[in-house]
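Only this structure's heavy atoms are used, side chains among them; waters, hydrogens and symmetry mates stay out. Throughout, residue positions are numbered sequentially from 1 according to the sequence presented.
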Amino acid sequence: MNKYAVIVAGGTGTRMGSDLPKQFLPLNGKPVLYYTIKTFTDTFADLKTILVLPAIHLETGKKLINEYFDKKSIQLIAGGETRFQSVKNGLSLIEKESIIFVHDGVRCLLSEDLIRRCYDMAFDGGSAIPVITSRDSVRLLKENNSEVVDRDKVMLVQTPQTFHSKILLPAFQIDYKEKFTDEATVVEAYGIKVSLVEGEENNIKITKPIDLLFAEAILAQR
């Protein structure tokens with residue numbers, strides 16, 4: 001089965017307090033995005049990568065690819081104003097029947113094992129959405145107060161959200177809605193239920209400076 005990783009890296013660096021977008025910040029001497037791409041390419045030698053970046057950072061993306069990767073297996077495309085449009089732009093480059101991973105570019109600590117488990121589940125059942133349980137107590141805000149939620153029934157959603165192309169490509173032809181926070185919500189709006197797979201505690205999203213320190217510690221253990 002053909003395999004594509006659509007890696008979406010649309011960050012601007014605002015929450016990091018940096019002029020350099022978080023996907024390009026150095027982590028142990030290499031850009032954050034390097035580790036994300038490398039884990040996918042190391043997992044499947046035949047995988048094709050589609051890197052979605054803000055238009056103003058496409059040149060930076062080209063330099064990263066030329067320095068660290070085989071540019072023949074990686075395509076670049078500009079993102080849109082929303083995650084939905086950015087993913088849709090990336091999907092526009094896929095024509096073959098395939099298994100498609102859609103992944104946050106700044107989730108650079110995912111493992112090859114997670115990628116393979118997502119692939120296997122999506123190959124067998126059409127979809128695989130990695131999730132982890134909440135360690136913390138959870139409360140739901142109401143109009144004038146709040147109420148506790150059973151945290152055993154709350155799942156924290158990660159990526160790579162993985163689908164068969166026969167599901168994901170037509171799902172992204174529907175009209176955009178504000179409730180679309182990820183690919184799973186799009187597919188569900190299209191009328192198809194999604195399957196959950198166990199995610200990883202270390203598969204964090206780099207959004208704040210302290211996350212980089214955590215990532216450095218994890219990489220040092222590998």
Side-chain angles (χ1 to χ4, degrees), residues 1-12 21-24 32-33 36-37 39-41 43-44 47-58 60-62 64-65 73-108 110 114-115 118-119 121-123 126-131 156-197 199 203-207:
M1 178 68 74
N2 295 298
K3 307 172 188 70
Y4 287 88
V6 177
I7 298 177
V8 184
T12 59
K22 54 194 174 185
Q23 59 267 31
F24 297 117
V32 165
L33 201 49
T36 307
I37 298 172
T39 303
F40 276 98
T41 56
T43 304
F44 293 115
L47 177 139
K48 301 295 184 182
T49 302
I50 297 171
L51 183 57
V52 185
L53 294 171
I56 60 173
H57 296 301
L58 287 176
T60 305
K62 287 180 182 178
L64 183 151
I65 293 168
S73 64
I74 302 178
Q75 294 176 276
L76 271 170
I77 191 168
E81 294 184 1
T82 63
R83 179 188 176 88
F84 176 86
Q85 189 60 55
S86 293
V87 173
K88 187 173 183 177
N89 289 359
L91 295 177
S92 70
L93 300 179
I94 300 176
E95 298 179 349
K96 297 179 180 179
E97 183 175 330
S98 54
I99 297 296
I100 304 171
F101 305 91
V102 181
H103 190 64
D104 296 324
V106 290
R107 288 188 188 271
C108 60
L110 83 163
L114 177 58
I115 295 172
C118 287
Y119 174 85
M121 179 175 281
F123 183 87
S127 64
I129 310 300
V131 298
L156 307 180
V157 182
Q158 302 180 333
T159 65
Q161 298 193 8
T162 311
F163 300 88
H164 195 289
S165 59
K166 288 183 177 179
I167 294 175
L168 193 62
L169 296 184
F172 266 80
Q173 297 308 307
I174 65 177
D175 292 335
Y176 170 74
K177 297 178 177 62
E178 288 189 5
K179 69 176 183 179
F180 292 163
T181 57
D182 60 5
E183 294 65 56
T185 54
V186 177
V187 169
E188 287 175 326
Y190 182 61
I192 298 178
K193 294 182 179 180
V194 299
S195 300
L196 306 182
V197 65
N203 185 22
I204 65 167
K205 195 173 182 180
I206 305 293
T207 57

Completion exercise
Closest heavy-atom pair, Ala5 versus Leu47, reported as atoms and distance to 0.1 Å, is CB-CD2, 3.9 Å
Problem - Crowding at NZ, Lys177 (>12 non-hydrogen neighbours, <6.0 Å) - result: yes
Problem - 4.5 Å side-chain heavy-atom contact, Thr162 and Met121 - result: no
Practice task
Side-chain contact test, heavy atoms from C-beta onward, threshold under 4.5 Å: evaluate it for Val186 versus Ile174 and give yes or no.
Solution key: yes
Exercise for the section: Kindly give the heavy-atom pair with the smallest separation between Gly90 and Ile50, and that separation in Å. Expected result: O-CD1, 3.4 Å
Exercise for the section: Please check if any side-chain donor atom of Thr185 sits under 3.5 Å from a side-chain acceptor atom of Asp182, or the reverse. Expected result: yes
Completion exercise
Minimal heavy-atom distance between Gly80 and Ser86, with the atoms involved, is N-OG, 2.9 Å
Exercise for the section: Quick one: pull up CD1 in Ile115 and OG1 in Thr39 and give me the separation to the nearest 0.5 Å. Expected result: 6.0 Å
Exercise for the section: Could you grab the distance from atom OG of Ser73 to atom CD1 of Ile37, nearest 0.5 Å is fine? Expected result: 9.5 Å
Practice task
Please tell me if the side chains of Leu168 and Ser127 come closer than 4.5 Å, counting only heavy atoms from C-beta onward.
Solution key: no
Problem - Distance (rounded to the nearest 0.5 Å) between Leu33 CG and Leu53 CG - result: 6.5 Å
Practice task
Kindly give the heavy-atom pair with the smallest separation between Pro170 and Tyr190, and that separation in Å.
Solution key: CB-OH, 3.4 Å
Handout entry: Ile77 and Ser92, any side-chain heavy atoms less than 4.5 Å apart
Key = yes
Fill in the blank from the handout: d(Gln23 CD, Ile7 CD1) to nearest 0.5 Å is 11.5 Å
Fill in the blank from the handout: Nearest heavy-atom contact between Val197 and Cys118 is CG1-SG, 3.9 Å
Completion exercise
Minimal heavy-atom distance between Thr36 and Gly105, with the atoms involved, is OG1-O, 2.6 Å
Exercise for the section: Would you indicate whether the side-chain heavy atoms of Val6 and Val8 approach each other to under 4.5 Å? Expected result: yes
Practice task
Return yes if some donor-acceptor pair links the side-chain N/O of Gln161 with the main-chain N/O of Glu183 below 3.5 Å, else return no.
Solution key: yes
Problem - Gln158 side chain to Gly199 backbone, donor-acceptor under 3.5 Å - result: no
Practice task
Could you please spell out the steps behind the side-chain contact (heavy atoms from CB on, under 4.5 Å) verdict for Met1 and Tyr119?
Solution key: CA-CA 10 Å; Met1 178 68 74; Tyr119 174 85; 3.4 Å; yes
Exercise for the section: Determine the interplanar angle of the Phe84 and Phe172 rings, folded into 0 to 90°, and report it as parallel if under 30°, tilted if 30 to 60°, perpendicular if over 60°. Expected result: parallel
Problem - Spacing of CZ belonging to Phe180 relative to CZ belonging to Arg83, to within rounding of 0.5 Å - result: 13.0 Å
Handout entry: Residue from Phe40, Tyr4, Phe123 passing ring pair (Phe, Tyr, Trp, His ring centres under 6.0 Å) with Phe101
Key = Phe40
Handout entry: Flag side-chain contact, heavy atom, 4.5 Å: Leu64 against Leu51
Key = no
Handout entry: Rounded distance (nearest 0.5 Å) linking atom CG of Asn203 with atom CG of Asp104
Key = 8.5 Å
Practice task
Given side-chain contact (heavy atoms from CB on, under 4.5 Å), test Lys22 with Val32 step by step and report yes or no.
Solution key: CA-CA 7 Å; Lys22 54 194 174 185; Val32 165; over 6 Å; no
Practice task
Give a yes or no on this: more than 12 heavy atoms of other residues, nucleotides or ligands lie within 6.0 Å of atom CD of Gln173.
Solution key: yes
Practice task
Could you tell me whether a side-chain N or O of Thr159 sits under 3.5 Å from a main-chain N or O of His103, the two making a donor and an acceptor?
Solution key: no
